[in-house]
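Working notes for the structure below.
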Amino acid sequence: MTVSAGGCPVRKLVPPDERSGPPVERIGGPDGERWVFRSFELVRSVLREESAFHQAGFGADGLRRASMRPPILYLEGPAHRAQRRGARLFTPKITEGYRPMVEDLAERLVGRLRSDRATDLTTLSLRMAVEVAARVVGLTNSSIPAMTRRLDTFFDGDPLASRWTPRTTIKLLRTHSATFRFYWLDVKPAIRARRRHPDRTDDVISQLVERDFTDLEILTECLTYGAAGMVTTREFITVAAWHLLDDPALLARFRAGDRQDRLAIVNEALRLEPVVGHLLRRADRTVTLPGPDGPIAVAAGDLVDLDIRAANTDAATIGEAPLELRPDRSLPRAVPATVLSFGDGNHRCPGAPIAIMETEIFLSSLFARDVVATGPPRVRWNPVTLGYDLDQFDLRLAPPETSQV
Ligand code: HEM
């Protein structure tokens, strides 16, 4: 366990070449110059300037060249607002309605842990995230375990790999084949079922069918929800479990606390270890922003790299010891406990309430048992989310005679 001098656990995940300052920087790179913003206030002001910037991350440039309606993450203005209607499916009240289903699922998945063999927690957390997001999106007409495997292959490939090597080609073919099977075996049956029952409106696919989206547009929207909601939640559950397993005092507090205490711990874990490490935006017009040392003029066409990892640990907003996991920290009003881990402004993550609920429920089921990790998870850095990917996190139930629960 890595702890501060005061005994608090600190950030675990740091990419090898990360720079933590200055708050504003203009740097050159292989694709030209870019701004890097690391101050919380500045990053949030860009995310809230929706009329001045558009999406430049998650492969946006390649997608813009395609002749189809882009998915929600890449839209702006009225088209984006129309698409956000689907996001109403994630209100706190509707999210709360999923609780019994999520509790039941968490118990079933955690019930697979054994004392005589290790189970990779990330396969359980991915299955949890896929099943919950699939319900919200409307991918409910096919086998969930098979769909999880197809999506895992899709997200394991790097669809944006630009350098040809035999390995990237094989990966690309596997990704394309997984996409095709996902369309044919998961998305298409869901579309067919909704065309037969056009009165349904309680999931994303129903709403897209009602608005006459083509099959290809629905497929890309489903893949966007998959990438935005499934893999991210897997990382969130895993990183929070890792912090808890690595720190007996934090784990004891999690077990003894009520739901609010547990939520404070998982939210603070996500602030400290944001799954999406950077967001990228490109300026549509010249815009002047309030920088920490005076106004900053961003010109039309400039690329802006919003360093969420740095903004979430900006001492000016977060307060003292920003790299420590302190569930009791008090943040300024209007700054959520997860700070910018779910973004801000018009693209703020609509799935945040469900991801938080799901994580708290899964970890409550997990830590109702006495579990031990055989080692830390494997850590890789993802070029698309500009954040981390965790896998191979092996857990076992403690043998009954050593059990402390
Ligand atoms: C811990 C889990 C999650 C994290 C860390 C996360 C993070 C984010 C972030 C940072 C954005 C903003 C992207 C930007 O501004 O460019 C975003 C957008 C989005 N998220 Fe999440 N997300 C999570 C879970 C979910 C879930 C469970 C769903 C749905 C099932 C979801 C669906 C979406 C969608 C559809 C968008 C695009 C919204 C828009 O463009 O208007 N996310 N997410």
Side-chain angles (χ1 to χ4, degrees), residues 11 13-66 70 73-74 76 157-165 167-168 171-172 227 273-318 322-323 339-341 343-347 379-389:
R11 179 177 268 178
L13 290 154
V14 183
D17 48 0
E18 179 161 82
R19 286 162 61 96
S20 54
V24 180
E25 202 178 7
R26 190 145 168 87
I27 57 171
D31 307 321
E33 291 216 330
R34 64 171 66 189
W35 292 97
V36 182
F37 292 166
R38 300 188 180 93
S39 125
F40 167 84
E41 290 293 347
L42 192 52
V43 169
R44 190 171 64 171
S45 68
V46 172
L47 292 173
R48 290 186 173 182
E49 273 284 355
E50 52 188 89
S51 66
F53 293 96
H54 63 261
Q55 180 65 258
F58 311 108
D61 290 340
L63 215 109
R64 216 156 268 123
R65 287 194 291 272
L73 191 56
Y74 309 87
E76 295 299 336
D158 175 4
L160 309 174
S162 50
R163 258 181 332 113
W164 182 89
T165 66
R167 216 168 139 257
T168 54
K171 267 193 145 184
L172 201 69
E273 315 276 11
V275 179
V276 180
H278 295 244
L279 292 171
L280 300 177
R281 295 290 193 265
R282 200 174 285 280
D284 295 313
R285 57 174 169 82
T286 300
V287 52
T288 304
L289 299 163
D293 301 315
I296 299 168
V298 175
D302 278 3
L303 182 64
V304 184
D305 174 344
L306 305 171
D307 186 338
I308 303 296
R309 297 174 50 79
N312 274 13
T313 50
D314 176 351
T317 301
I318 308 307
L323 286 166
V339 187
L340 294 173
S341 292
D344 202 309
N346 59 334
H347 288 282
V379 179
R380 289 177 297 172
W381 292 92
N382 186 314
V384 179
T385 61
L386 304 169
Y388 52 84
D389 283 339

So, does N346 use its side chain to make a donor-acceptor pair with the main chain of E50 at under 3.5 Å? no

Has R282 got a side-chain atom pairing as donor or acceptor with H54's backbone, closer than 3.5 angstrom? no

Nearest 0.5 angstrom please: T313 OG1 to F40 CZ, how far? 12.0 Å

Are any non-hydrogen side-chain atoms of R44 and T317 less than 4.5 angstrom apart? no

Is R19 paired with D307 through a side-chain N to carboxylate O contact shorter than 4.0 Å? no

Give a yes or no on whether the backbone of G21 and the side-chain of R38 come within a donor-acceptor separation of less than 3.5 Å. yes

Heavy-atom pair of closest approach, residues D314 and S39: OD2-CA, 3.5 Å

Can you see which heavy atom on A311 is nearest to which on V43, and at what distance? CB-CG2, 4.0 Å

Atom pair CZ (F37) and CG (D305), whose distance is rounded to the nearest 0.5 Å: 9.5 Å

Identify the heavy atoms of V298 and A283 that sit nearest to each other, and give their distance. CG1-CB, 3.9 Å

May I ask you to check whether S20 and R309 show a side-chain donor-acceptor distance below 3.5 Å? no

Can you name the nearest heavy-atom pair linking Q55 to L280, along with the distance? OE1-O, 3.3 Å

Please step through side-chain contact (heavy atoms from CB on, under 4.5 Å) for the pair R285 and S51, ending with a clear verdict. CA-CA 9 Å; R285 57 174 169 82; S51 66; 3.0 Å; yes

With the side chain counted from C-beta on, respond yes when I308 and V276 share a heavy-atom pair under 4.5 Å apart, and no when they do not. no

Does the side chain of P292 come within less than 4.5 Å of L42's, by heavy atoms? yes

State whether the side chain of N312 and the backbone N or O of L340 hold a donor-acceptor pair below 3.5 Å, judged by distance alone. yes

Salt bridge check, D344 against R48: does any charged N sit closer than 4.0 Å to a carboxylate O? yes

May I ask you to test the L47-R281 pair for a side-chain heavy-atom distance under 4.5 Å? yes

To the nearest 0.5 angstrom, please state how far the CG atom of D284 sits from the CD atom of E49. 11.0 Å

For E76 and H347, test the side chains for any donor-to-acceptor distance below 3.5 angstrom and give the result as yes or no. yes

Could you give the distance from CG (L289) to CH2 (W35), rounded to the nearest 0.5 Å? 9.0 Å

Determine whether Y388 and N382 satisfy the following criterion, side-chain contact (heavy atoms from CB on, under 4.5 Å), listing intermediate values before the conclusion. CA-CA 6 Å; Y388 52 84; N382 186 314; over 6 Å; no

